[in-house]
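The chain is numbered in sequence order, starting from 1.
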Amino acid sequence: MAQQIKAAAIWLLLMFQSTASVIGERTRDKMYEPILGASCFRRLNGTHQTGCSSTFSGSVGVLHLINIDADLEFLLTSPPSPPYAPMIPPHLFTRANLLRLKEAGPKIISVVLLINRSKIEQFSHELNCPNQYSGLKLNNSTETATCDAKKVTNTWNRWGTGLLHEDFPFPIYYIADPEEIDKLEKCFIKFNDFDYESHALRSLCAVEIKSFMSAAVNSEVCMRRTNFINNLGGSKYCDPLEGRNVYATLYPRSPTENVDINTDEKFIIVSCRLDTTSMFDGLGLGAMDSLQSLAILTQVAHMLHILLPSQNTLTDPKRNVLFVAFNGESYDYIGSQRFVYDMENLAFPTRSTRTTPISFDNIEFMLDIGTLDDIGNIKLHTLTSTLLAKQLLQQLNRYAKSSRYGFNVNFESNVGYHIPPTSAQSFLRRDEKFPALILNALPNNRFYHSIYDDVDNVAFIYANTSQDYTKLADVNDMKNISVNSLQMKVRNVSSIVAMALYETLTGKQYQGNQVANPLLADEFFYCFLLSSDCPLFKASSYLNSPPGVPLPPMRYISVLGGSQESSGWTYRLFGYLLSHQEPSVPKENCTQLPLYYFAGLNDTGECRRTTQNYTHALSPAFLIEDYDWRSGQYSTWTESTWSQFSARIFLRPSNVHEITILSIGIVVFIISFCLIYIISSRWEVLFEDLPASNAALFN
């Protein structure tokens, strides 16, 4: 009987605990309301830390809506119940305002919320001179020779605020969803937006942000701590920014086990930037700052692949074109620096490709496609005036101004050190005599390196024609696409560049009527700006592969193990658009590179011989033993590790309420302690033993 009573007691206790747990979860759900958004995070270089971090347990601030400058002034001069979490619209998210909030410190401002509730004319987090401390250098200076930050109007990003390179002592959280913003504003109006003098006396609507960053100080300190801890317990504080460059050759290279350089082999490098960045995790499409250039590179490669005859019929049969999309260029040219380093050490391509190394002796010249903000007026930048540059400029303008094609694009020469921040700077820094030519327009992107450089910034409208985009188009066939559309502008520039390179490779002027297909640009931008679940990505994937997610791919370089969506899709596109079909090879034999089995345009499957591959985009600074982190020779960017990002709103009790609850708790504790003492000291009287005769009745 006693055992049954004991079992019943245990069962009741467990049932009580389970019920209490459920009630606790329901209570917590009623207390807290999650908020969806994206958080700012911390990055570090050889000398500084940048970005944001919450406290270890999370940062809490009282919500306050900022509509005008006076609202911000109120918080900074006479906050009634700090710390606060100002909700700031984009037009007030300025460098001056953010630095004032930073100066106020976490005791006054503990959280900043950026709410997407108004249209703006400009919003760039980058410096006025992107990659200011890398690239070509002035004599006896750490700053670039190609951009004077003191003359803002003549910089490459005159709208830049530099906020991407500031360190903030509080988390910054971006909220774009109108429903989430409405939730925050309603909570603010209901509990906070009245009788400010009594804020300290009542409960207020507050937000809690958890985004604690493990890394601190700079990359050198962080990597030293990480390596030391790894020897003991395996913890990490930061990771180097790391990704993959994507490259492909116009003509396949012959496989060989020879590790010696073939100096007879010559390459024209055509390159662009693959990545972009912003202040917030997972956001930033880089539509104008780098995606247009990638689209043009892809179209140029595809057009040359179709137009050019076999390699042995060229004026120089040893000539080839190397198309490269460099990753990590937003952070001191990570991808191109590593590419140059590998070429210097005869480590490109890797031995796994079974091809001979490519050195600088193999490079005929480099044509780097930079940012084309004004895609109708493009400059050809060179350090010095050369015959090569004059010839290329003449070729470009021949086709750009030809009445036969009606492209309506203007190319001009620009000679001197005022060259744009593109990948070519890594090559020129090694040797200023390197034959680098850069196509770049005057800066006109007011949203450079920000969350707003998106589909609206380039005015892209998807045509969705469901027509064949793998063939070239006739110059008079607009494919029902507007003449002034982004697709047609990309078609025009791509065709001009491809025609000029065609003339360079064949020694003959291009006389055909075929031009780049605007439908390929249409599908390209749809995939990269709107949805990875798109026809072009599907055709360039393996047959019966799962569809892409209905979101655009992330284009931030990330870290080892992070998202590499952009480089992965670019790799597949290069493979599909620059490959030759092998109809005689069955699917079961099309399993190893250079053979790859694509789904194809009709999703029926086709084996193709490809030339694309990856190369590592990791700064040499992390390869060189005892590297001087302050030398500025190579990129030293790292990204802090973190455990989670979360945001939630709740009612924060007033100080009076908290003190009252604490006081009641102390009083109850003292009374309980006294009662227990009295009961313990008088237990013989209070719990007298029963007489034996009465006790027998209970047996």
*Relative to the ring of Y576, is the ring of F598 parallel (under 30°), tilted (30 to 60°) or perpendicular (over 60°)?*
tilted
*So does D289 pair up with R273, basic N to acidic O under 4.0 Å?*
yes
*Is R430 reaching over with its side chain to a backbone N or O of F434, donor-acceptor style, under 3.5 angstrom?*
no
*asked:* Less than 4.0 angstrom from a charged side-chain N to a carboxylate O is my criterion; do R319 and E364 meet it?
replied: yes
*Grab the two heavy atoms, one from N397 and one from F411, that are nearest each other, plus how far apart they are.*
ND2-O, 3.0 Å
_Worked verdict on N245 versus T615 for side-chain hydrogen bond (donor to acceptor under 3.5 Å, both in side chains)_ = CA-CA 5 Å; N245 301 323; T615 180; 4.8 Å; no
*Will you find, in the side chains of N312 and S310, an N or O donor that is under 3.5 Å from an N or O acceptor?*
yes
*Please examine the side chains of S540 and L573, heavy atoms only from C-beta on, and report whether any two atoms are closer than 4.5 Å.*
yes
*Below 4.5 Å, heavy atoms only, C-beta onward: do V270 and L322 meet side chain to side chain?*
no
*Donor-acceptor pair, T371 side chain versus D373 backbone, under 3.5 Å?*
no
*Is there side-chain contact between T610 and L595, with heavy atoms separated by less than 4.5 Å?*
no
*Check the pair S635, D332 against side-chain hydrogen bond (donor to acceptor under 3.5 Å, both in side chains), reporting the backbone distance first and the verdict last.*
CA-CA 5 Å; S635 173; D332 294 333; 4.5 Å; no
*Pairwise side-chain contact, L519 with I481, heavy-atom cut-off 4.5 Å (strictly under)*: yes
*Atom NZ of K538 with >12 non-hydrogen neighbours under 6.0 angstrom*: no
*Do you know which two heavy atoms are closest between L393 and S413, and how far apart they sit?*
CD2-CB, 3.5 Å
*Is N345 reaching over with its side chain to a backbone N or O of A347, donor-acceptor style, under 3.5 angstrom?*
no
*Are the ring centres of H449 and W159 closer than 6.0 Å?*
no
*For residues F537 and F528, establish whether the separation of their ring centroids is below 6.0 Å.*
yes
*Straight-line distance of I369 CD1 to F323 CZ, nearest 0.5 Å*: 9.0 Å
_Check whether S450 reaches the backbone of F123 with its side chain - one donor and one acceptor, N or O, closer than 3.5 Å._
yes
*Which is it for K508 and E503 under the salt bridge (charged side-chain N to carboxylate O under 4.0 Å, His left out) test, yes or no, and what are the steps along the way?*
CA-CA 5 Å; K508 302 175 183 178; E503 183 175 338; over 6 Å; no
*Gap separating the CD1 atom of I557 from the OG atom of S330, nearest 0.5 angstrom*: 8.5 Å
*Kindly give the heavy-atom pair with the smallest separation between F407 and S495, and that separation in Å.*
CZ-CB, 3.7 Å
*Can you name the one residue among D275, T636, T277 that meets side-chain hydrogen bond (donor to acceptor under 3.5 Å, both in side chains) with Y331?*
T277
*Can you see which heavy atom on A389 is nearest to which on L380, and at what distance?*
O-CD2, 3.6 Å
_Tell me if the CD1 atom of I461 is crowded by more than 12 foreign heavy atoms within 6.0 Å._
no
*Is there side-chain contact between Y634 and I334, with at least one heavy-atom pair below 4.5 Å?*
no
*Would you mind reporting whether N377 and L442 have side-chain heavy atoms less than 4.5 Å apart?*
no
*Taking N362 for the side chain and S359 for the main chain, is one N or O donor matched with an acceptor at less than 3.5 Å?*
yes
*Between Y405 and Y510, what is the ring plane arrangement, given parallel below 30°, perpendicular above 60°, and tilted in between?*
parallel
*So, do F339 and F326 have ring centers that fall under 6.0 Å from each other?*
yes
*Using the ring of Y596 (Phe, Tyr or Trp, six-membered ring only), decide whether R608 places NZ or CZ under 6.0 Å from its centre and within 45 degrees of its axis.*
no
*Looking at H305 versus H580, is the centre-to-centre ring distance below 6.0 Å?*
yes
*Side chains of E329 and L274: closer than 4.5 Å at any heavy-atom pair?*
no
_N-O pairing of E565 and R555 below 4.0 Å_ = no
_Main chain of Y399, side chain of S402: is a donor-acceptor contact present, judged purely on distance under 3.5 Å?_
no
*So, does T353 use its side chain to make a donor-acceptor pair with the main chain of P349 at under 3.5 Å?*
no
*Kindly compute the distance separating CD1 (I451) from OG (S278), expressed to the nearest 0.5 Å.*
6.5 Å
*Nearest heavy atoms of R429 and S134, plus distance in Å*: NH1-CA, 3.9 Å
*Do K318 and E265 sit within salt-bridge range, that is, some charged N less than 4.0 Å from a carboxylate O?*
no
*Is the side chain of N128 donor-acceptor paired with the backbone N or O of N157 at a distance under 3.5 Å, no angle test?*
yes
*Do you know which of V340, T422, N131 makes side chain to side chain contact (heavy atoms under 4.5 Å, CB included) with Y333?*
N131
*Kindly indicate, with the supporting measurements, whether the criterion side-chain hydrogen bond (donor to acceptor under 3.5 Å, both in side chains) is fulfilled by Y417 and E432.*
CA-CA 10 Å; Y417 275 83; E432 290 190 13; 2.5 Å; yes
*asked:* Determine whether a donor-acceptor pair (N or O, by modelled atom type, separation under 3.5 Å) exists between the side chain of Q487 and the backbone of P518.
replied: no
_Side chain Q425, main chain L136, donor-acceptor under 3.5 Å_ = yes
*side-chain hydrogen bond (donor to acceptor under 3.5 Å, both in side chains) evaluation trace for S336 with S426*: CA-CA 6 Å; S336 56; S426 295; 2.7 Å; yes
_N408, CG atom: more than 12 neighbouring heavy atoms under 6.0 Å_ = no
*Output the distance between atom CG (L285) and atom CE (M554), rounded to the nearest 0.5 Å.*
10.5 Å
_If I compare all heavy atoms of N327 with all of G243, which pair ends up nearest, and what's the gap?_
ND2-CA, 4.1 Å
*Are any of the side-chain heavy atoms of L472 and V515 separated by less than 4.5 Å?*
no
